[in-house]
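Keep in mind that this is a model prediction, so the values were computed, not measured.
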Amino acid sequence: MLSLSLENSVKSEKQVYCCALNSDGSIAAGSSDGSTTLLKADGQRVLKSHKYPVTAVCFTDKFLITASSDHSIILHDYVTGEVHEKLMVHKGPVRCLCVSRDGSLLVSGSSDQTICITNILETPSAVLRHLKLSESDSGMLSGVCVSPDSSVVVSTATSGTVFLHDINNPKPRRCQYDCHEMGVNGCDMSLVDDRNLLCTVGADYMAKLWWVEDNFSLSLHLTLCGHSGQVLCAQFHTIQDGKKTLFTGSVDKTVTIWDVETGDKLHQSICHTSFVYGISAHDEKVVTCSSDKTVKQWGICSGKVKTINVIPLATKDRLGDWSSSQVQHWLGRLLPESSTSLTGRDLAHMELEELVNQIDESGEHRPRLKQSVLLLRAFDGVPDEFLCPVSMEIMRDPVVTNDGHTYERSNITEWLSSGHNTSPFTNTTLSTKSLISNHNLRKLIETVFFLK
């Protein structure tokens with residue numbers, strides 16, 4: 001099994017939207033004020049090259065490349081940090097970047113619905129390919145990636161569509177596939193068993209792995225389910241023993257490591273206090289960034305680690321947005337023998353008497369159902385305070401540690417008994433392992449969910 005060990009954490013005054021880890025261990029992080037922070041062994045440097053938020057960063061052997069909503073892409077000299085070249089190849093905000101394996105091709109995507117491909121080693125300002133998505137393409141361009149042999153560029157859209165572009169032909173052909181019903185947030189591609197394997201991550205809480213066939217078709221390899229919120233970012237990574245893995249980050253604050261051959265979840269842990277926007281891995285290190293304004297560096301460790309299973313009842317979801325499976329999860333806690341196909345929209349808007357009658361035909365539990373539904377409507381979902389930050393599960397026996405955070409007793413007891421003396425939420429050292437029952441919170445949870 002694998003685990004992530006926190007090695008360094010940097011707090012920013014501004015929102016951090018993207019991050020990248022270089023082969024020499026240097027870290028770049030792009031911020032909402034247009035600056036990029038470069039962390040190297042010899043110190044920290046802030047590059048103030050953009051006027052508006054930095055939306056993407058990546059490294060090559062020569063350059064640190066940044067993109068911004070100010071429409072520009074800037075190639076910085078990696079050694080000095082000075083601007084080597086400024087590219088204005090898009091007419092709208094640049095949303096995403098990637099570089100080919102050999103470091104020669106830069107692929108960028110913009111909200112003007114264009115994809116530009118440039119040779120940054122020869123003529124960066126000359127666009128080799130300019131791919132325009134048609135006006136009929138719905139959704140905003142959300143991600144780009146390039147195959148290891150630089151023959152295929154993939155772009156994704158918030159409409160749920162994935163486009164494959166054959167860029168070696170004089171007239172690049174394009175194939176279109178609908179991959180995520182609720183939208184695609186990003187993509188990455190790697191070579192696995194001499195075949196191109198594409199990862200797409202979506203607003204449906206899933207990551208999907210696709211084989212890119214020679215005839216430009218996609219065949220589904222695996223669907224990875226384990227996050228309780230939108231999956232925002234992903235990166236393939238080969239760990240020390242040669243195993244191909246996938247790292248994903250999510251709105252549910254977690255980072256998950258997957259085996260790309262079997263789909264097994266190798267590890268999952270809460271790495272931030274808010275959305276995980278970016279992931280970048282190299283060798284035995286991984287860097288993550290979050291809307292909690294932190295950039296964190298983790299060591300990838302071997303060892304027997306319990307995988308944290310995140311339940312489908314997402315903390316950030318409003319009641320009206322719950323899926324039928326989330327409603328069933330709530331009902332299963334309230335009335336374990338009951339089942340329903342109702343959605344969150346039904347819970348939020350259906351006339352109360354009609355709703356409880358449909359769920360409980362016998363009428364035995366209707367008073368309890370009414371009270372729970374009314375409180376769910378008042379809270380508009382599940383409050384964050386009801387969820388254990390370790391398991392993202394609704395707590396039954398909440399206890400407080402001396403750092404002031406509340407956990408489910410069984411989860412924090414297992415964490416502490418396994419040799420840890422730190423908070424699983426903040427990674428700070430706990431001066432004592434004593435736990436104090438949070439009676440008031442327990443009573444409130446029982447009132448809402450009847451977990452007695």
Side-chain angles (χ1 to χ4, degrees), residues 8 10 12-40 44-90 93-101 103 105-111 115-116 118 120 124 141-146 185-188 232-237 247 249 272 275-282 285-291 293-298:
N8 190 22
V10 178
S12 171
E13 294 181 357
K14 305 293 183 181
Q15 286 283 0
V16 183
Y17 290 142
C18 50
C19 62
L21 176 64
N22 201 14
S23 57
D24 66 355
S26 300
I27 299 169
S31 301
S32 59
D33 63 352
S35 67
T36 302
T37 301
L38 179 59
L39 301 166
K40 303 176 71 173
Q44 175 178 314
R45 178 180 295 166
V46 179
L47 310 177
K48 297 183 179 180
S49 307
H50 294 282
K51 294 181 180 180
Y52 299 118
V54 177
T55 54
V57 293
C58 61
F59 286 105
T60 70
D61 290 340
K62 290 183 61 177
F63 302 120
L64 165 61
I65 307 173
T66 61
S68 170
S69 54
D70 64 10
H71 305 190
S72 71
I73 299 169
I74 295 180
L75 279 60
H76 301 83
D77 184 289
Y78 174 60
V79 177
T80 66
E82 297 299 319
V83 174
H84 175 77
E85 190 146 4
K86 183 175 182 178
L87 309 181
M88 299 297 295
V89 295
H90 293 284
V94 185
R95 295 175 58 87
C96 43
L97 288 176
C98 71
V99 176
S100 61
R101 176 177 285 187
L105 295 183
L106 173 66
V107 182
S108 56
S110 167
S111 59
I115 300 165
C116 290
T118 58
I120 55 176
L141 194 148
S142 58
V144 291
C145 62
V146 61
N185 292 323
C187 58
D188 193 27
L232 301 179
C233 52
Q235 185 183 353
F236 287 104
H237 182 55
F247 285 68
H272 289 273
F275 306 169
V276 181
Y277 278 144
I279 288 180
S280 183
H282 196 279
K285 307 289 184 183
V286 61
V287 169
T288 60
C289 65
S290 167
S291 55
K293 301 181 181 180
T294 63
V295 179
K296 296 184 178 182
Q297 179 178 300
W298 310 82

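- When side chains are defined from C-beta on, V286 does not count as touching L21, because their heavy atoms never get closer than 4.5 Å.
- Counting heavy atoms from C-beta on, the side chains of S26 and Y78 come closer than 4.5 Å.
- Here the side chains of S108 and L97 are in contact, with some heavy-atom distance below 4.5 Å.
- Between the SG atom of C58 and the CG atom of L64 there is a distance of 8.0 Å, given to the nearest 0.5 Å.
- Here the SG-OH distance, from C18 to Y277, works out to 11.5 Å after rounding to the nearest 0.5 Å.
- The distance from the CD1 atom of I115 to the SG atom of C96 is 7.5 Å, given to the nearest 0.5 Å.
- Taking 4.5 Å as the limit, every side-chain heavy atom of S110 sits out of range of all side-chain heavy atoms of R95.
- For the pairing with H50, the side chain to side chain donor-acceptor pair (under 3.5 Å) check across D33, T55, T36, T66 returns one residue only, T66.
- Heavy-atom minimum distance, V16 versus C289: CG1-CB, 3.7 Å.
- Looking at heavy atoms from C-beta onward, I74 lies out of side-chain contact with E85 at the 4.5 angstrom threshold.
- A heavy-atom distance below 4.5 Å is not found between the side chains of K40 and R45.
- Among all heavy-atom pairs drawn from K48 and S35, the shortest one is CG-CB, 4.2 Å.
- Between the side chain of S32 and the backbone N or O of K14 there is no donor-acceptor pair closer than 3.5 Å.
- Of all the heavy atoms in C116 and H90, the pair that sits closest is SG-CE1, 3.5 Å.
- Formation of a donor-acceptor pair under 3.5 Å by the S291 side chain with backbone atoms of F275 is found in this model.
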S280 and Q235: CA distance, side-chain angles, deciding distance, side-chain contact (heavy atoms from CB on, under 4.5 Å) verdict: CA-CA 7 Å; S280 183; Q235 185 183 353; 3.9 Å; yes
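- For the pair K86 and V83, the tightest heavy-atom approach, listed with the atom from each and the gap, is N-CG1, 4.5 Å.
- Looking at L87 and L106, their side chains come closer than 4.5 Å, going by heavy atoms from C-beta outward.
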Apply the test side-chain contact (heavy atoms from CB on, under 4.5 Å) to residues N22 and H282: give CA-CA distance (whole Å), side-chain angles for both, the deciding distance (0.1 Å), then the verdict. CA-CA 7 Å; N22 201 14; H282 196 279; over 6 Å; no
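- Between the CG atom in D77 and the CG atom in L47 there is a gap of 10.5 Å [rounded to 0.5 Å].
- Side-chain contact between T118 and I73 is absent, with no heavy atoms from C-beta onward closer than 4.5 Å.
- Open room surrounds CG on D61; 12 or fewer heavy atoms of other groups in view lie less than 6.0 Å from it.
- For T60 against G103, the heavy-atom pair with the smallest separation is CG2-O, 4.4 Å.
- One finds the CG atom of L38 at 5.5 Å from the CZ atom of F59 (value rounded to the nearest 0.5 Å).
- Nearest heavy atoms, M88 versus S72: SD-CB, 3.4 Å.
- For the atom pair H84 NE2 and H76 NE2, the distance stands at 12.0 Å (nearest 0.5 Å).
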